[in-house]
Amino acid sequence: MWRTEDGRVHTAALPDPTELFTSGALAALRAFFDGEDAGAVEELLESVHEDAIDASVEPPFNADEEEAFVAETPLVDLFSAQIGTEAELRAALSALDWRWRLDIVTAMGDLTDA
């Protein structure tokens, strides 16, 4: 993810969003999402999406630093937490570098659409 001077955040499209998750994390996420009401999952994802945006505006803007991240994708297997509750999901996202939270949340949304 990178930011532009106008405060907008951007992510690079991923052909396979599952690559961001270890196999254990992916299985745990799918089990968690499958065990929840679809509306509750949608609300949760909207909430953590907003949290990710909020986290991205906290660090001061540095054009040179942001330039290094333009079109960069997060690492394969970046998310390894095996969550089972909303609290665990939120804690795992908070533990990630702020720069990749929006990418992970976007990928989670893609998982629920599949």
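Throughout, numbering of the chain's residues begins at 1 and tracks the sequence. Since we're looking at a predicted model, the values are computed, not measured. Values below: all heavy atoms of this structure, side chains included; hydrogens, waters and symmetry mates excluded.
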Would you name the heavy atoms of Val105 and Leu45 that are closest together and state the gap between them?
CG1-O, 3.9 Å

Separation between CD of Glu43 and CD of Glu36, rounded to the nearest 0.5 Å
11.5 Å

Separation of Asp51 CG from Leu102 CG (nearest 0.5 Å)
11.0 Å

Is a donor on one side and an acceptor on the other found under 3.5 Å between the side chain of Glu19 and the backbone of Val76?
no

From Leu26 CG over to Arg30 CZ, what is the distance, rounded to the nearest 0.5 angstrom?
4.0 Å

Name all pairs fulfilling the ring pair (Phe, Tyr, Trp, His ring centres under 6.0 Å) condition that reach into residues 35-87, sequence neighbours left out, sorted by first residue then second.
Phe21-Phe79, Phe69-Trp100

For a quick test of reading the model, state the closest non-hydrogen atom pair linking Ser56 to Met1 and the distance between them.
CB-CE, 3.5 Å

Exam field: side chain Arg101 to backbone Leu96, donor-acceptor pair closer than 3.5 Å
yes

Taking Ser94 for its side chain and Arg90 for its backbone only, find out whether a donor-acceptor pair lies under 3.5 Å.
yes

Side chains of Met108 and Val48: closer than 4.5 Å at any heavy-atom pair?
no

Rounded distance (nearest 0.5 Å) linking atom CD of Glu67 with atom CG of Asn62
11.0 Å

Smallest separation among heavy atoms of Leu20 and Ala107, with atom names
CD1-CB, 3.8 Å

I would like to know whether Arg99 and Asp97 meet salt bridge (Lys or Arg N to Asp or Glu O under 4.0 Å); could you show each step before the answer?
CA-CA 5 Å; Arg99 188 164 297 281; Asp97 184 305; 5.2 Å; no

Rounded distance (nearest 0.5 Å) linking atom CG of Leu78 with atom CG of Asp103
8.5 Å

Minimum-distance pair of heavy atoms, taken over all atoms of Ala81 and Ala92:
CB-CB, 3.5 Å

Report the distance from atom CH2 of Trp2 to atom NE2 of His10, rounding to the nearest 0.5 Å.
6.5 Å

Can you get from Trp98 to Leu89 by hopping between Ile, Leu, Val, Met, Phe, Trp and Tyr side chains that sit under 4.5 Å apart?
no

Taking the side chain as everything from C-beta on, heavy atoms only, tell me whether Pro59 gets closer than 4.5 Å to Arg3.
yes

Single-linkage hydrophobic cluster, 4.5 Å side-chain cutoff, Ile104 and Phe33 together:
yes

Looking at Ala12 and Thr73, what are the two nearest heavy atoms and their distance?
CB-CG2, 3.6 Å

Could you go through the side-chain contact (heavy atoms from CB on, under 4.5 Å) check for Val57 and Val9 one step at a time?
CA-CA 9 Å; Val57 297; Val9 293; 5.6 Å; no

